[in-house]
Amino acid sequence: MSQIKNISGRGIPLAGDDIDTDRIIPARYLRCVTFDGLGEHAFKDDRVQTNGQHPFDRPEYQGANVLVVNANFGCGSSREHAPQAIRRWGIEALVGESFAEIFFGNCVAMGVPCVTADAESVETLQGAIAKNPQTAIAVDLEKMEVRCGDLTVSVSMPEGARQSFLNGVWDSCGQLVNQRDAVRETAAKLPYLAWR
Amino acid sequence: MSKGTLFDKVWEAHSVGTLPSGQTQLFIGLHLIHEVTSPQAFAMLRERGLNVPYPQRTVATVDHIVPTENQARPFADTLAEEMIRALENNCKEHGIRFYNVGSGRQGIVHVIAPEQGLTLPGTTIACGDSHTSTHGAFGAIAFGIGTSQVRDVLASQTLAMNKLKVRRVEVNGDLRPGVYAKDVVLHIIRKLGVKGGVGYAYEYAGTTFEKMSMEERMTVCNMSIEGGARCGYINPDTTTYDYIQGREFAPKGEDWKKAVAWWNSIRSDADAEYDDVVVFDAAEISPTVTWGITPGQGIGIDESVPTPDSLPEGDRSIAEEAYKYMQLSPGTPIKGTKVDVCFIGSCTNGRISDLREAAKFAQGHKVANGVKAFVVPGSEEVKQQAEAEGLDKVFLEAGFEWRNAGCSMCLAMNPDKLQGDQISASSSNRNFKGRQGSSSGRTLLMSPAMVVAAAVNGSVADVRELM
């Protein structure tokens with residue numbers, strides 16, 4: 001598994017608080033047994049309603065890999081289809097004022113860092129990207145800052161998640177499976193496992 | 001940092017150790033799976049050559065995609081059929097108990113697990129569904145997870161987690177007539193906000209919750225996630241134990257005595273410390289209806305759609321978005337808003353007590369002309385029980401359709417959907433844009449009794465006027 005320290009590329013701003021996972025990927029696209037092909041359906045209904053003006057459709061943002069959002073992004077359903085759709089569209093990191101918890105955890109498990117900044121910094125960043133979409137952007141998990149042109153914004157992330165990216169251990173499955181004996185010991189101490 | 005709460009005790013008992021990232025490896029006592037968020041997890045196991053070491057600790061059912069009218073196999077929707085087949089095959093391959101359609105025990109995952117006595121106090125419960133918080137009603141630490149985490153639980157029976165803070169949400173006093181558990185939780189979300197609970201587990205405490213039945217407690221805990229809290233719980237008491245005793249997977253005989261002693265020991269201590277405490281008065285809560293596009297946009301039935309200047313600055317832009325999407329003007333009373341579809345069901349309000357309460361108001365009334373109204377029991381057992389009590393006849397006579405168990409129009413992954421910009425009165429949990437199957441469909445959340453009042457009037461109405 002790879003270490004994730006720095007993601008650089010171009011930004012894409014998406015304005016609005018409380019953008020839920022039903023909007024990120026409407027439920028009808030969950031009728032599938034793989035995540036393949038979800039990228040094209042990311043924000044499907046919002047995109048149809050904005051007639052090609054949604055950032056995910058606008059030509060200047062094609063190829064962008066850092067999504068900049070506002071507060072409580074990814075609230076609602078636990079569907080991993082939501083970050084999977086965003087990732088498959090091309091996003092490799094998110095910057096926002098805040099993220100819903102399950103969404104954030106899903107992103108960690110996929111190797112997609114979500115960092116937070118204060119509302120004003122996020123808006124400034126969104127403005128800078130909109131003004132010049134070709135500006136290079138970098139999400140730096142070592143310095144905990146996002147750089148966009150001559151703008152530098154300090155960002156945060158819970159330390160556990162940050163370390164898991166820096167050390168390349170964000171895919172926890174292997175570590176969890178390796179603790180077989182410790183898991184068995186914990187289970188043995190729980191009274192209820194004997195009841196069923 | 002919290003100390004001596006049920007959350008702290010259960011967390012501690014299930015902690016396997018600390019991972020290199022600093023996260024806790026947490027043992028999961030009960031893992032629930034369904035057809036939507038599990039197939040990719042099983043595929044990941046196959047890719048990595050992993051097996052399922054604790055198959056008896058996972059239980060499966062099918063709920064999201066199940067048609068509620070014609071359930072003959074193969075399903076008319078070939079994608080839905082492919083999903084149910086994948087679940088059937090995965091359960092068979094790994095030796096996982098599966099309650100399929102027609103088994104008599106199928107239903108919404110958060111309805112059937114308590115029904116079967118699988119949901120127990122002091123346990124950790126995870127499921128690839130955000131409404132897993134429902135099971136907290138029993139004093140379990142229960143939360144929704146994504147598909148990669150479903151993989152982790154299947155492969156190791158554990159998860160990598162960060163400990164949550166604990167907020168005690170206290171409500172005291174008697175609820176006024178016509179005010180239900182649904183109104184209580186909508187009121188809490190209205191006051192604390194849809195992101196107020198991020199980073200917290202909610203402990204619901206106080207006399208209002210103590211007096212609630214288990215089904216009412218489930219309604220409250222179910223919607224914790226709508227307030228941003230990944231889990232919400234209520235300390236177990238005799239109401240909890242009475243509900244559990246005698247159910248299929250409940251401990252029996254000597255085990256029962258040991259269980260009750262253990263359950264009592266994991267209750268929050270009288271001198272427990274919380275990261276935050278908020279207190280509400282039950283008498284302040286009215287029958288509540290959402291007017292907007294987040295569950296936090298709720299108002300009392302006698303109130304009007306709020307004007308922007310009456311809202312905190314941070315809530316104004318989402319309110320503007322909501323006026324436009326909902327086609328509702330600020331300052332308009334919510335009462336009298338015309339509705340097209342009335343839906344009773346979901347993991348929030350699809351249990352037998354919900355149907356009994358709704359039937360009470362449907363009795364002797366007729367669904368208004370032009371309104372489509374339907375009732376979807378939360379499980380096959382709920383359906384059977386309702387039919388034994390004659391509730392199906394009450395609904396049918398009143399002009400409601402009577403369906404088979406499933407998630408139905410709560411999230412519309414099945415044939416039950418709004419059309420165009422239809423507006424629904426819904427006993428479900430989310431009023432997000434497009435949630436009920438049409439990209440311009442509109443949802444008003446309310447209690448099942450209030451849905452009946454809306455169905456009978458053809459518009460949002462006060463259930464107290466039907467009393």
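Naming: A, B, ... by sequence-line order, numbering from 1 per chain.
At most 12 non-hydrogen atoms from other residues, nucleotides or ligands lie less than 6.0 angstrom from NZ of A:Lys143. B:Glu248 CD: more than 12 foreign heavy atoms inside a 6.0 Å radius.
Checking A:Arg87, A:Glu80, A:His81 one by one against A:Gln84, the side-chain hydrogen bond (donor to acceptor under 3.5 Å, both in side chains) holds for a single residue, A:Glu80. Only one option out of B:Leu30, B:Ile125, B:Ile244 pairs with B:Leu120 in a side chain to side chain contact (heavy atoms under 4.5 Å, CB included); it is B:Ile244.
A:Asn72 and A:Glu97 form no side-chain donor-acceptor contact under 3.5 Å, judged by distance and modelled atom types alone. Checked by atom type, the side-chain pair B:Asn90/B:Arg46 shows a donor-acceptor distance below 3.5 Å.
Residue B:Arg435 touches chain A through both its backbone and its side chain, counting heavy-atom pairs closer than 4.5 Å. In this structure, the portions of B:Thr124 lying under 4.5 Å from any heavy atom of chain A include both its backbone and its side chain. Interface residue B:Thr158: backbone and side-chain heavy atoms are both found under 4.5 Å from chain A. Heavy atoms closer than 4.5 Å to chain B are found in both the backbone and the side chain of A:Asp17. For B:Arg57, the parts sitting under 4.5 Å from any heavy atom of chain A are the backbone and the side chain alike. Looking at B:Ile145, only its backbone comes within 4.5 Å of chain A, counting heavy atoms on both sides. Neither the backbone nor the side chain of B:Leu87 has a heavy atom closer than 4.5 Å to any heavy atom of chain A. Heavy-atom distances place no part of B:Met161 under 4.5 Å from chain A, backbone and side chain included. Proximity to chain A (any heavy atom under 4.5 Å) is restricted, for B:Ser15, to the backbone atoms N, CA, C and O. Both the backbone and the side chain of A:Leu193 come within contact range of chain B, each with at least one heavy atom under 4.5 Å from a heavy atom of that chain. Residue contact with chain A, scored on non-hydrogen atoms closer than 4.5 Å, involves the side chain of B:Phe27 exclusively. When heavy atoms are compared at a cutoff of 4.5 Å, B:Asp77 approaches chain A solely by way of its side chain, counted from C-beta outward. Looking at B:Glu35, there are no atoms closer than 4.5 Å to chain A (heavy atoms on both sides), in backbone or side chain. For a residue to count as touching a neighbouring chain, one of its non-hydrogen atoms must lie under 4.5 Å from one of that chain's; by this rule A:Tyr29 does not touch chain B. Interface residue B:Ala13: backbone and side-chain heavy atoms are both found under 4.5 Å from chain A. A:Leu30 touches chain B through backbone and side chain together, each having a heavy atom under 4.5 Å away. For A:Glu185, no part lies under 4.5 angstrom from a heavy atom of chain B. Proximity to chain B (any heavy atom under 4.5 Å) is shown, for A:Pro26, by neither the backbone nor the side chain. Using a 4.5 Å cut-off between heavy atoms, B:Phe143 makes no contact with chain A at all.
By number of non-hydrogen pairs under 4.5 angstrom with chain B, the leading residue of A:Val48, A:Val183, A:Val177, A:Asp45 is A:Val183. Considering only heavy-atom pairs separated by less than 4.5 Å from chain B, the leading option among A:Gly105, A:Ala182, A:Cys32, A:Ala109 is A:Cys32. If you tally non-hydrogen atom pairs under 4.5 Å between each of A:Gly160, A:Ser164, A:Cys173 and chain B, the highest count goes to A:Cys173. Top candidate by heavy-atom pairs under 4.5 Å with chain B, chosen from A:Asp18, A:Val108, A:Asp46, A:Asn178, is A:Asp18. Residue with the most contacts toward chain A among B:Ile225, B:Thr294, B:Thr123: B:Thr123 (heavy-atom pairs, distance under 4.5 Å). Comparing B:Val16, B:Val198, B:Val36, B:Leu118 by how many heavy-atom pairs each has under 4.5 Å with chain A, the most go to B:Val16. Ranked by heavy-atom pairs shorter than 4.5 Å toward chain B, the options A:Arg28, A:Gln179, A:Lys189 are led by A:Gln179. Comparing B:Gly199, B:Gly437, B:Ala412 by how many heavy-atom pairs each has under 4.5 Å with chain A, the most go to B:Gly199. The greatest number of non-hydrogen atom pairs below 4.5 Å with chain A, out of B:Gln56, B:Gln23, B:Arg230, is found for B:Arg230. Ranked by heavy-atom pairs under 4.5 Å with chain B, the first of A:Asn106, A:Asp20, A:Thr34 is A:Asp20. In terms of heavy-atom pairs under 4.5 Å with chain A, the best-connected choice from B:Pro39, B:Gly122, B:Pro295, B:Ser130 is B:Ser130. Taking B:Arg151, B:Gln149, B:Lys252 one by one and counting their heavy-atom pairs under 4.5 Å with chain A, the maximum is reached by B:Arg151.
In this structure, the side chain of A:Trp195 does not engage the main chain of B:Trp256 through any donor-acceptor pair within 3.5 Å. No donor-acceptor pair under 3.5 Å is formed between the side chain of A:Asp140 and the backbone N or O of A:Val146. Remark: the backbone N or O of A:Gly96 is not paired with any side-chain donor or acceptor of A:Thr116 at under 3.5 angstrom.
One finds the CG atom of B:Leu418 at 6.5 Å from the OG atom of B:Ser438 (value rounded to the nearest 0.5 Å). With values rounded to the nearest 0.5 angstrom, B:Leu32 atom CG is found 8.0 Å from B:Thr58 atom OG1. Between B:Ser21 atom OG and A:Phe165 atom CZ the span is 10.5 Å, to the nearest 0.5 Å. Taken from CE in A:Met110 to CZ in A:Phe35, the straight-line distance is 8.0 Å, to the nearest 0.5 Å.
With salt bridges taken as basic N to acidic carboxylate O contacts below 4.0 Å, one links B:Glu321 and A:Arg23. Comment: A:Asp36 engages A:Arg88 in a salt bridge, judged by a side-chain N to carboxylate O separation of less than 4.0 angstrom. For the pair B:Glu254 and B:Lys258, the salt-bridge criterion is not met [side-chain N within less than 4.0 Å of a carboxylate O].
For an aromatic pair to be called close, the ring centres must be under 6.0 Å apart, and A:Tyr192 with B:His14 satisfies this.
Classified by interplanar angle (parallel below 30°, tilted 30° to 60°, perpendicular above 60°), the ring pair A:Phe56/A:Trp89 is tilted.
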